[in-house]
Amino acid sequence: MKLLTYKDLIHTIKKESIPVDQERLKQVYHFAEEAHADQKRYSGEPFFQHPLHVANIIASWGMDQTTIETALLHDVVEDTSFTVKDLEKKFGKQVAFLVNGVTNAGKVKLRNSINQEFTENLRKMFVAMSRDIRVVLVRLADRYHNMLTLRAVPKSKQRRIAFETMEIYAPLAERLGMGEMKGDLEDLSFMYIHPKEYRQVSRLAEEHFTKAKKTTDKVILDISKLLKKNHISAQVDGRYKKKYSLYRKLQRLSVKGDINKINDLIAVRIITNNKLDCYKALGLVHQYFKPVPHMGISDFIAQPKPNGYQSIHTKIFNKEGQIIEVQIRTQDMHEQAEFGAAHHSFYSEAKAKGASEEDLEKGTAFKITQKMNWVQQLAEWQKQTQSSEEFVTDLKLDALSHRIYVFSPLGDVYDLPTQATPVDFAFAVHSDIGFHLQGAKVNQRMAPLDHPLQSGDIVEVIKSKRKRRPSRDWLTFVKSNKAKAEIKKALNL
Ligand code: MN
């Protein structure tokens, strides 16, 4: 990897127009550099290159000066003799609070057997995260750089680190709405967890990407012309499917390893200046190319995913009858989809409300917004869980599982773990609804309470007149921690 200097960091900061006090930044930089002075990485590089790269990644996400400083200092407490108190004296409470949070969160390591220490640290991470989301962003940047340089780490450690990334950090990035980061972390882990399959998929992808590129380039050109003729200014290009995502799709029953059945190898992406242009573009695309029947349009602009993702997805036939996926979004939505919780929109709310001096002092000014409600829930819920084993199992089944998106009849969207049931849905809407649950309709048809829901389902709860005791039986099939906890509480378990 390229050796970075202070100049490179400043270059990134300027490029992202981040306001910084250079005098102070320099002080932090030199302090961290000196603190790590006699340490080396496995690769033989000076250790300080690592925090510097992490700071550079954080800056490339457009994060503020405090977060950049936290990144520079993130391993000082862990790996040198300096303490959090020392940092507080030198650089103030805020940075010290963040470094402390990152240090605790960093001890989260996934072992084969679930040990007490692991879960305790996982808990700490979520608590730190619920107080200030910047903690976890530095952690993700740290993990990303470690994955990029994993090659130099002893073989015996590589697999464990890759597993941990795949199971904890990639899903975390997804839940934070950081689509790019999630895909990159998955691909980097995939390489070490299944090296053989990784090579196979890479070879297969390369072959078919070349073919797919020809067909998509033509569509891209046609769409560009079409939009221009209709005075819609937009950027049209292709996005390549990531390898791990392709690997998973190849394993689906309907695909059975046949790459020709995958029609979003390269998707066409239209990025417009405003929302209205998104819909105009959709209309034009559907007039020019035939939309594929029954595969449907997903309008995540009108109904954003709970992690904030917004875009319109549609599938069309090109002139040769091949199916092509088209994604339409504004520039702002695009940035949000890539950077998620690191995107400025997550802070604008905090800024609009005005962060109090006290909050800034405590480092709680960057408290997560409504969009990140699940982090709050998680921090609450981890207080209630007793056994570590239960905590980790539940965490994987719920918060870090693949999510589905289901709707209320009024169109409110809820995200639930895969295989969630109408009981999970009822408790997600409100615990009171859970306690009045008598039956459920899924897509306007009566469905059993243990019916596994799917993304896009519309769920209607049929309520009893009076509050009911939940059935003990429900515990055998509910998937979400919220439902589980509420039922247990009501049954005094
Ligand atoms: Mn680190």
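Counting convention: from 1, in listed order, for ligands and their atoms alike. In this chain, residues are counted from 1 in sequence order. Hydrogens, waters and symmetry mates are skipped; everything else that's a heavy atom, side chains included, is used.
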For residues Tyr6 and Gln22, is any side-chain donor paired with an opposing acceptor at under 3.5 Å? yes
Between the main-chain N or O of Asp21 and the side-chain N or O of Gln65, is there a donor-acceptor pair closer than 3.5 Å? yes
Side chains of His50 and Asp142: do they bring a donor and an acceptor to under 3.5 Å? yes
More than 12 heavy atoms of other groups within 6.0 Å of Gln39 CD: yes
Given atoms OD1 of Asp142 and NE2 of His74, what angle do they subtend at the Mn ion (ligand 1), to the nearest 10 degrees? 90°
The Mn ion (ligand 1) reached by Asp75 (N, O or S, under 2.8 Å): yes
Would you say His50 reaches the Mn ion (ligand 1) with an N/O/S atom under 2.8 Å? yes
